[in-house]
K.L.:
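What follows is a structure written as structure tokens; I'll ask about it next.
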Amino acid sequence: MIDITAPVHELPPEQEQAYEKARKLEWFSLAYLATAIAFVYVALGSSQAMKAAWVEDILSLLPPIAFLVANRIRYRRPTERFPWGYHRAISVAYLLAAGALLLLGTYVLVDSLMKLVLAERPPIGVFVFADVDPWAGWVMLAALAYTGIPPVFLGRAKLKLARQIHDKVLYADAEMNRADWMTAGAAALGILGIGMGLWWADAVAGAFISLDIVRDGWRNLKAATADLMDSMPRTYDDQTEDPIVAQLHDDLLAMPWVQDARVRLRELGHVYAGEAFVVPADGADVVARANDARLQLMRDHWKLHDIVIVPVSDDVKEGAAPSPPDPSGTAPSRSAR
Amino acid sequence: MPRTLLAAALLITLLTTAACQFPRDVGGTLDNVKGGTLRVGLTEAEPWVSLQHDDPSGVEVGLIREFAAKLGAARVDYTTGTEEELVEALHARELDVVIGGITDKTRWKKEAALTKPYLTTHLVIGMPPGQDLQDGTRVITENGRSAAALVERKTDAVPVRADDLETARGKPAAVDEWLLDDLGLREAKSLEASEHVMLTAPGENGFLVELEHFLLDRKQRALELLDTEGRP
């Protein structure tokens, strides 16, 4: 029987190592975040800025979890029922997380703005602790320092790895971590503002932080939706089309039997799958050549999970064959020559 | 970038304001009370606030009087009313503090700033010496309180409703713990804990912290007052 399932995805040793490092880093992040969330919760009080910072802390659990789950799923063998494997579960999780981010951010934003409009003044009393009973604002500031400073370093380490393995989830996580000090800083200013007797400072800080959460949520929601709509793969930072499209095109044209070719890809979580439409130079051995080409491309590009070679004749090149998205990148325009 | 602007604005304020008082009141309550008037809202709730005599009395009235003396307030103004009226006035900063047996379960958490609980009291089942609480024990409960429902929900005893706890002398009864001695009972089981708080105007954080520190320092004093004021 013909095997319709994609091959089990394997990584070259270099990437495997980077993934291993990233995995450890994400586990450490989860453990750290758990303590940070607990600390902020204890200090929460009735400050809007603290509430927003807490929501952001909870949400920053999602990318590490998504990354770790995705990593497990990657090794699952594709089946007859799920011939492309389970990679896409990540995209679904990504979409849900982005939606949650957007909703919670909106809630805190509206809440903060209401407090501003109604001129609600935040009460912060003492924090009952031992016999000292300090002003709860000091405890909040300590909690914010604990959640604001370590993520800066975590974020840097993750960013380096994200570049190496082109991982979007890891990249999103790194960016979120890197921005954490700004959240904590804004919240700290809000608390200090309350201490100065500026009732609006807290709600303003809360509004700014939640605005940032909303922006994050919106951006991620757009990216996740694009993933599920099979947009052509973008680089991990969503700036340009992934160079792999151009590379595959070049590799195909470099094969002596290929007269012309175009590639379309979609993202399945960490990996890519797609089709290559190839115009053979002559009709000889097309089946064997296509088969070899498929295996070679998958061997040479670790991020490519599965590709199907579709031989087409020169005259169906335009119009009849499904046309790939408008090639704004470099490679495909060459084939239009 | 708006965030940088905000940061700069706040930093400048931070640097230019003399930090003589931290946290500072939004409306300057603490400054007004020192050498001025402490405006107190009262709702009758024995033994915390009693309006039986010309002058208000009770545990919380006693505590507030001592607090006013400590701050050097020249006078203490009392306003009586329903909790709703008083909280509204508090929110509008026409009052500085509202008392009347309020616990941390109060519905006014949004409108008012609660102090940290300064005292915990319990509604308990009291048993005469030598008797144990058993399934089916008939426990006297006062009419018009939640005691009977609590007995039914939390124990296998049977509530017996009565108009007055005076009939409970020497018999099993659900009573506030400070009444146990007078009724000749000892605690067998706690039915409900009450965390007592006072209400202040939101945003007056300097005043709130001052009051909280005062109350937390005087737990013992509160118990003494409860002992004298709590007698029927």
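Throughout, protein chains are lettered first and strands after them, A, B, ... in sequence-line order, and every chain is numbered starting at 1. Everything quoted here is computed from the prediction, not taken from an experiment.
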K.L.:
Please classify the contact between B:Glu111 and chain A as side chain, backbone, both or neither, with a heavy-atom cut-off of under 4.5 Å.
P.N.:
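Neither part.
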
K.L.:
At a heavy-atom distance under 4.5 Å, which candidate from B:Val209, B:Asn205, B:Leu216 has the highest pair count against chain A?
P.N.:
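The residue among B:Val209, B:Asn205, B:Leu216 with the greatest pair count is B:Asn205.
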
K.L.:
To the closest 0.5 Å, what do you measure between CD (A:Glu120) and NZ (B:Lys110)?
P.N.:
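Atom-to-atom, A:Glu120:CD and B:Lys110:NZ are 9.0 Å apart.
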
K.L.:
Should we count CD of B:Glu46 as having more than 12 external heavy atoms under 6.0 Å?
P.N.:
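Yes.
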
K.L.:
For chain B, which candidate among A:Ile194, A:Asp133, A:Val128, A:Asp202 shows the most heavy-atom pairs at distances under 4.5 Å?
P.N.:
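Of A:Ile194, A:Asp133, A:Val128, A:Asp202, A:Asp133 has the most heavy-atom pairs under 4.5 Å with chain B.
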
K.L.:
Would you say A:Tyr107 has more than 12 foreign heavy atoms packed within less than 6.0 Å of its OH?
P.N.:
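No, not enclosed.
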
K.L.:
Are A:Phe127 and B:Lys116 packed together at the side-chain level, in the sense that at least one heavy-atom pair is separated by less than 4.5 angstrom?
P.N.:
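Not in contact.
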
K.L.:
Give a yes or no on whether B:Arg186 atom CZ has more than 12 heavy-atom contacts from other residues, nucleotides or ligands under 6.0 Å away.
P.N.:
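More than 12 heavy atoms, drawn from other residues, nucleotides or ligands, come within 6.0 Å of this atom.
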
K.L.:
Counting heavy atoms not belonging to A:Trp181, are there more than 12 under 6.0 Å from its CH2?
P.N.:
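Count not over threshold, so no.
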
K.L.:
Could you walk me through whether A:Trp200 and B:Val26 satisfy the side-chain contact (heavy atoms from CB on, under 4.5 Å) test, starting with their C-alpha distance in whole Å, then the side-chain angles of each, then the deciding distance to 0.1 Å, before giving a yes or no?
P.N.:
CA-CA 10 Å; A:Trp200 46 264; B:Val26 175; over 6 Å; no

K.L.:
Which pair of non-hydrogen atoms, one from B:Glu212 and one from A:Val126, has the smallest distance, and what is that distance?
P.N.:
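In terms of heavy atoms, the two residues are closest at OE1-N, 2.5 Å.
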
K.L.:
Is it true that, when you exclude B:Glu224 itself, more than 12 heavy atoms of the residues, nucleotides or ligands shown sit nearer than 6.0 Å to its CD?
P.N.:
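Atom CD in B:Glu224 is crowded, with more than 12 foreign heavy atoms closer than 6.0 Å.
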
K.L.:
Got a sec: does the NZ of B:Lys70 have more than 12 other heavy atoms crowding it under 6.0 Å?
P.N.:
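Correct, the count exceeds 12.
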
K.L.:
Ignoring hydrogens, what is the shortest heavy-atom contact between B:Gly203 and A:Arg121? Give both atom names and the distance.
P.N.:
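B:Gly203 and A:Arg121 have their closest heavy atoms at CA-CB, 3.6 Å.
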
K.L.:
What I'd like to find out is whether the side chain of A:Trp135 reaches to under 4.5 Å of the side chain of B:Leu208, using heavy atoms alone.
P.N.:
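Answer no - side chains too far apart.
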
